Amino acid sequence: MIIDMKRTAITLLLIAVAASAEAQSMYDALRYSENNYEGTARTMAMGNAFTALGGDLGSVNINPAGSAVARYSQVTITPGVAISVSTAGGTSPDYFSKSYRAPMGRFNLPNIGFSVNFDTNMSYGIKNWSMGFTVNRTNTYQDDMFTKGLNSTTSFAGAMATFAAGINVNDLILASDGSYDPYYDSGIPYDVILAFESGIISDIYNDRGTADVSDDWTTGLDYAGVTENYYEKDPSAGTGEIDIEKIGLNGNTINQIYSRRITGYKYDYVFNWAANISDVVYIGANLGITSLSYNQEYYIKENSGGDASDYSLFQTQFNSLRYNNLYSATGVGVYGKFGILVTPGNGLRLGAAIQTPTATTIRERWSANASVTTYSDSYGNGDAETPESSYQYELRSPFRFNVGAAYTFGSFAVVSADYEMANYRGMYIHESNTNDNSNFDAVNSSIKELMGVSHMFRAGVEIKPFSSLAVRAGYGLTTSPEKLYNESGSLEYSHQLARKPLTAMTHRFAAGLGYSSSGSFFADLAVQATRYADEYIYPYDYYLLNGNDVVIDYSKNTPEILNRRWLVNILLTVGFRF
């Protein structure tokens, strides 16, 4: 039974964990497959609605054919600053009742590149062609959130104790010798090992905190958190087993803190070729190389004292605990993109592009550490950390398809609209350097079942009251591909999930100005504000051992954190035409 229980627990962990780094999941695949185009100040100010416009180095990622629209060579550089603002707090006054706003600013470089135009001096056919190289940012990973509050119902330590239920304490002791890879070798979820080794949880049949309970009775299948109280119901029963009643917080209150910081980026390095056919049809192709870096750290902290219960009310004389998880990922991928742009006349412009799946090699690294302090001589203090682990796998991102239409009002104004679609059911994770992909069968099944199509709508307008001045505005809407509600409306998964309803949407608002000199110099300024869909974070869940299965105990009122996030990009493009 214990072996089956372990296997089930590990399967649950692999399926359920999203915002933490315990295993590769469909959320990792989604994170590294999404494109949230940035680029130059001009393209961002117009909502990146450039499928049918072109002529700007920020649009090369969107439609490769657009670079041939410009009959000149150009070079641009776009420095900027990204400011994220998160407001997080519990959805119930029973936990994380204090909402906190956490801003974070970072400098970045959304665009740098050049294109060289070659004029064939032909009156029809290929009148000019261009080749160039651009580096455009396609995603910014940035968030800094913090919240805290009191909890008198559940605790992280108590949740970890339920997750360990059924695992023999001798197996935990052997797994804690420091020579294992905590994610793959021991057969026991690493966070359970770390919790046991640090003292966040303890086998309730040993004598720590309960001096009259003898180790002679040890069965080692039940655990209590350092925040929980328990007692021996009938020590004189003489049944050969000790009957333990675990009573949890027992009316005590603890202070809880949850914090998470995310940083990183995704860039596309693009080699572009495009041609102008008779000033009517423009075609182009990209060879794109994707580079990404993602870093996440979160911690959970619980303590007594202050507004919470005094340490003396806890059986272990609990003072504080901290659980810290660090995760990072880097990746390099390659894809192709092909586009066409048509100008049938009368100011109308039409465009379309298709991008092949991106084949990306992802390398992940992670580690975790935990510590406990008490005022009890018998329970004591403890700390532990896992070895740094790493893993490499291959990710196939889905096809992308976009179409657009634009209309120009002479040299005075232009309006543009785009639609882009990506079916994230096409994502696929597989092992590196082997044909055996059984480790990812569950993840790939989850992708097929719970991922769908994401729709992106982009619109922009540019007005030029003077030949040297342009005023711009743009808007973008992206729908979530995640299907996280079943037919009855209940949530499918839990444990560190960032859950969203099917209607979750991301909104982008932008505006900017442009200046073009009578010579070769031009400059553009843009501000873009992105409002992400509400994010619901579940720091922990309680579990029940139901026969051989580990199931979530929904009767426990575990914390739910609502995180509302904005990302503001401010950027300046400086360029030269020649």
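If you're wondering where the values come from, they're calculated on a predicted model, not measured in any experiment. Just the heavy atoms: all of them, side chains too, but no hydrogens, waters or symmetry mates, feed the values below.
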What's the spacing between [X] [atom1] and [Y] [atom2] if we round to 0.5 Å?
X	Y	atom1	atom2	answer
N48	T43	CG	OG1	4.5 Å
F399	Y335	CZ	OH	14.0 Å
S25	F440	OG	CZ	10.5 Å
Y428	N437	OH	CG	4.0 Å
M46	T40	CE	OG1	10.5 Å
M122	N276	CE	CG	11.0 Å

I'd like to know if the side chain of [X] and the backbone of [Y] have a donor-acceptor N/O pair within less than 3.5 Å.
X	Y	answer
T573	T78	no
S278	G125	yes
T360	I362	no
K337	R400	no
D119	N121	yes
Q142	A82	yes

Would the number of heavy atoms belonging to other residues, nucleotides or ligands and lying under 6.0 Å from [atom1] of [X] be above 12?
X	atom1	value
R71	CZ	yes
I126	CD1	no
M131	CE	no

Do we get R31 above Y141's six-membered ring, with its NZ or CZ under 6.0 Å from the centre and within 45° of the axis?
no
[X] to [Y] - nearest heavy-atom pair and separation:
X	Y	value
P539	P559	CD-O, 3.7 Å
A29	I429	CB-CD1, 4.0 Å
P64	N272	O-ND2, 3.1 Å
A68	N128	O-ND2, 3.4 Å
R472	A470	NH2-CB, 3.7 Å
G514	D524	CA-OD1, 3.2 Å

What orientation do Y294 and Y32 show, parallel under 30°, tilted 30 to 60°, or perpendicular over 60°?
perpendicular
Kindly assign one of parallel, tilted or perpendicular to the pair Y258 and Y298, based on the angle between their ring planes and the thresholds 30° and 60°.
parallel
Under a 4.0 Å threshold between the charged nitrogen and the carboxylate oxygen, would E462 count as salt-bridged to R42?
yes
If the threshold is 4.0 Å, N to carboxylate O, is there a salt bridge linking R106 and D144?
no
Without hydrogens or angle criteria, can the side chains of [X] and [Y] be said to hold a donor-acceptor pair below 3.5 Å?
X	Y	result
Y538	E560	yes
T358	S397	no
E394	T361	yes
D418	N402	no
S86	R260	no
D436	T434	no

Please assess M427 against R396 for the test side chain to side chain contact (heavy atoms under 4.5 Å, CB included), listing each intermediate value before the final yes or no.
CA-CA 5 Å; M427 297 185 300; R396 183 188 70 200; over 6 Å; no
With a 4.5 Å limit on heavy-atom distance, are the side chains of [X] and [Y] in contact?
X	Y	value
L513	V471	yes
V281	I340	yes
Y536	T91	yes
F50	D56	yes
V135	Y269	yes
N563	T147	no
I77	L109	yes
V568	V85	no

What residue pairs, at least two apart or across chains, pass side chain to side chain donor-acceptor pair (under 3.5 Å) with a residue in residues 130-140?
N36-N139, E38-T140, N61-N136, S67-S130, N111-N136, R137-T140, R137-Y267
Of all pairs that satisfy side chain to side chain donor-acceptor pair (under 3.5 Å), the ones with a partner from residues 342-351, not counting sequence neighbours:
none
Which one of R508, H455, R458 satisfies the side-chain contact (heavy atoms from CB on, under 4.5 Å) criterion with T478?
R508
Test side chain to side chain contact (heavy atoms under 4.5 Å, CB included) on E431 and Y391 and set out the steps.
CA-CA 10 Å; E431 294 270 13; Y391 189 70; 2.4 Å; yes
With side chain to side chain contact (heavy atoms under 4.5 Å, CB included) as the test, would you mind laying out the steps for V334 and L287 before giving the verdict?
CA-CA 7 Å; V334 62; L287 172 63; 3.9 Å; yes
If you apply the rule side chain to side chain contact (heavy atoms under 4.5 Å, CB included), what do you find for F338 with T356, and how did you get there?
CA-CA 9 Å; F338 308 92; T356 69; 4.2 Å; yes
Counterpart residues, side-chain hydrogen bond (donor to acceptor under 3.5 Å, both in side chains), relative to T290 (two or more places apart)
D268
Which is it for Y407 and F409 under the ring-ring contact (aromatic ring centres under 6.0 Å, His included) test, yes or no, and what are the steps along the way?
CA-CA 7 Å; Y407 192 84; F409 298 87; 5.0 Å; yes
When the ring centroid of F509 is compared with that of Y475, is the distance short of 6.0 Å?
yes
